[in-house]
*Asks:* 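I have a structure I would like to understand better, so I am pasting it below and will then ask my questions one at a time.
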Amino acid sequence: MRSFISWPTIVLLLGCMAVGCKNGQSEANPSVSASVPEPEIMASAQTQEHTGQTLEGELQFEDLEGGTWRLLTSEQTWVLRAAAGRPSLETMLSESKLQSGAKVQVHGWPASAEENIGINMAGPYFEVDSLKAQPR
C-alpha cells in the first residue's frame, strides 16, 4: 500500500511531536521546520478563473443515486452538475425543454480535482454554465 506522506515528512512530524513544535518549527531546534504551504499560494489556487469550453454530445439520464444527468461525447462521458451560482441542472433542462436522448451543446468547465467528487461517481464532473439543443 502506498502512503501519500513521504517518510521524511513522517519523521519530521514525529520529531516535532516529541520535542514540541509551534507553527511547524521545533522549539528544540528552530532550524527544523515542517513544510506548510503559504496562505497566498493556497488562496490563489482556490480562486482560479474558469475560461470555459463547449462540449457537444448526447444528454442521458441515469437512474443512479436519485438520478444523474450525463453527457456522452465522442471522447468521454461526463457527469453534469450546475456550476456554482447557476440555476439547478433540472431548471436549466426544463427551461430549455431538453430530455434524455437530446443532442446538446453544454458550456462550462471540468470540475477541479478537489471538486470532482459526489454521490454519483459515474465519471468526471462537468460544471454546467449553460446548455442548449444542438443546431440541426
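All values below were derived from every heavy atom in this structure, side-chain atoms included, with hydrogens, water molecules and symmetry-related copies excluded. Bear in mind the structure is a predicted one, so any value in this text is a computation, not a measurement.
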*Asks:* For residues 84-91, please give each side-chain donor-acceptor pair under 3.5 Å, one per line with the distance, not counting sequence neighbours.
*Replies:*
{"residue": "Arg86", "atom": "NE", "partner": "Asp129", "partner atom": "O", "Å": "2.7"}
{"residue": "Arg86", "atom": "NE", "partner": "Asp129", "partner atom": "OD1", "Å": "3.3"}
{"residue": "Arg86", "atom": "NH2", "partner": "Asp129", "partner atom": "O", "Å": "3.0"}
{"residue": "Ser88", "atom": "OG", "partner": "Thr91", "partner atom": "N", "Å": "3.1"}
{"residue": "Ser88", "atom": "OG", "partner": "Thr91", "partner atom": "OG1", "Å": "2.9"}

*Asks:* Sequence neighbours left out, what passes side-chain hydrogen bond (donor to acceptor under 3.5 Å, both in side chains) with Gln134? Give chain and number order.
*Replies:*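 Partners of Gln134 under the side-chain hydrogen bond (donor to acceptor under 3.5 Å, both in side chains) test: Glu56.
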*Asks:* Would you say the side chains of Glu115 and Ser112 form a donor-acceptor pair under 3.5 Å?
*Replies:*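 A donor-acceptor contact under 3.5 Å links the two side chains.
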*Asks:* Residues in side-chain hydrogen bond (donor to acceptor under 3.5 Å, both in side chains) with Thr54, at least two apart?
*Replies:*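 In terms of side-chain hydrogen bond (donor to acceptor under 3.5 Å, both in side chains), with neighbours along the sequence ignored, Thr54 is linked to His107.
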*Asks:* Between Leu59 and Leu80, is a side chain to side chain contact (heavy atoms under 4.5 Å, CB included) present by the stated rule, with each step listed?
*Replies:* CA-CA 9 Å; Leu59 192 61; Leu80 301 177; 3.7 Å; yes
*Asks:* Side chains of Gln76 and Pro124: closer than 4.5 Å at any heavy-atom pair?
*Replies:*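 Counting from C-beta outward, Gln76 and Pro124 do come under 4.5 Å.
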*Asks:* Which heavy atom of Ala82 sits nearest a heavy atom of Glu127, and at what distance?
*Replies:*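 Of all heavy-atom pairs spanning Ala82 and Glu127, the closest is O-OE1, 3.5 Å.
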*Asks:* Got a sec, which residues hit side-chain hydrogen bond (donor to acceptor under 3.5 Å, both in side chains) with Gln60, two or more places apart in sequence or on another chain?
*Replies:*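 In terms of side-chain hydrogen bond (donor to acceptor under 3.5 Å, both in side chains), with neighbours along the sequence ignored, Gln60 is linked to Arg70.
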*Asks:* Test: ring pair (Phe, Tyr, Trp, His ring centres under 6.0 Å). Region: residues 72-96. Which pairs qualify, not counting sequence neighbours?
*Replies:*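 As it turns out, the ring pair (Phe, Tyr, Trp, His ring centres under 6.0 Å) pairs with a partner in residues 72-96, which skip direct neighbours, are Trp78-Phe126.
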*Asks:* Got a list of side-chain donor-acceptor pairs under 3.5 Å for residues 93-103, not counting sequence neighbours?
*Replies:*
{"residue": "Ser96", "atom": "OG", "partner": "Met92", "partner atom": "O", "Å": "3.0"}
{"residue": "Ser100", "atom": "OG", "partner": "Phe61", "partner atom": "N", "Å": "3.0"}
{"residue": "Lys103", "atom": "NZ", "partner": "Glu58", "partner atom": "OE1", "Å": "3.4"}

